[in-house]
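In this chain, numbering begins with 1 at the start of the sequence shown. Everything numeric here is computed off the predicted structure, so don't read it as measured data.
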Amino acid sequence: FNQIKAGVILANDDNEIIDCNQEILAILAIEKQHFIGKNLFDFIHSEHIEREKKLIKELRNGQIKEYEIEEKIQDKNGYFRWMLASAVLF
């Protein structure tokens with residue numbers, strides 16, 4: 001989990017961030033205590049939120065097994081970075 005050279009975020013059914021690895025913290029220049037407990041959508045650019053919610057719903061309903069999406073994620077300083085995000089249920 002922490003040795004993966006990609007950012008990993010674990011979120012619960014309410015989209016609350018429950019864990020993450022060091023790589024995503026470095027990418028977003030944020031401390032873990034300021035990240036855990038936040039809503040995933042607090043960091044996603046508003047133009048991507050509805051699309052992401054639709055994909056999450058399809059994932060949870062079993063319509064899809066995984067998805068990959070390019071989206072803008074906000075870092076600690078308020079800047080948005082393009083990232084390729086993948087999601088699966090486990």
Please determine if Lys54 and Glu58 form a salt bridge, counting it only when a charged side-chain N lies under 4.0 Å from a carboxylate O.
yes
Would you mind checking if Arg51 and Glu71 are paired as a salt bridge, meaning a charged N to carboxylate O distance below 4.0 Å?
no
Take Val88 and Lys65 through the side-chain contact (heavy atoms from CB on, under 4.5 Å) test and state the conclusion after the steps.
CA-CA 7 Å; Val88 296; Lys65 292 183 180 184; over 6 Å; no
[X] [atom1] to [Y] [atom2] distance, which is reported to the nearest 0.5 Å:
X: Ile36; Y: Asp19; atom1: CD1; atom2: CG; answer: 5.0 Å
X: Leu25; Y: Ile30; atom1: CG; atom2: CD1; answer: 7.5 Å
X: His48; Y: Phe80; atom1: NE2; atom2: CZ; answer: 8.5 Å
X: Glu52; Y: Ile56; atom1: CD; atom2: CD1; answer: 4.5 Å
X: Tyr79; Y: Gln74; atom1: OH; atom2: CD; answer: 11.0 Å
X: Lys76; Y: Ile27; atom1: NZ; atom2: CD1; answer: 15.5 Å

With a 4.5 Å cut-off on side-chain heavy atoms, are [Y] and [X] touching?
X: Asp75; Y: Arg81; result: yes
X: Asn39; Y: Glu16; result: no
X: Val8; Y: Ile24; result: no
X: Lys32; Y: Cys20; result: yes
X: Ile17; Y: Leu10; result: no

Is the backbone N or O of Ala6 less than 3.5 Å from a side-chain atom of Asn21, with the two atoms forming a donor-acceptor pair by type?
yes
Residue pairs, two or more places apart or on separate chains, that pass salt bridge (charged side-chain N to carboxylate O under 4.0 Å, His left out) and touch residues 38-47
Glu47-Lys72
Go through Leu40 and Ile9 one step at a time and tell me if the side-chain contact (heavy atoms from CB on, under 4.5 Å) criterion holds.
CA-CA 9 Å; Leu40 181 63; Ile9 299 170; 4.2 Å; yes
With side-chain contact (heavy atoms from CB on, under 4.5 Å) as the test, would you mind laying out the steps for Asp13 and Arg60 before giving the verdict?
CA-CA 9 Å; Asp13 289 342; Arg60 289 182 178 149; 3.9 Å; yes
According to the ring-ring contact (aromatic ring centres under 6.0 Å, His included) rule, which pairs have a member within residues 4-37, sequence neighbours left out?
Phe35-Phe43
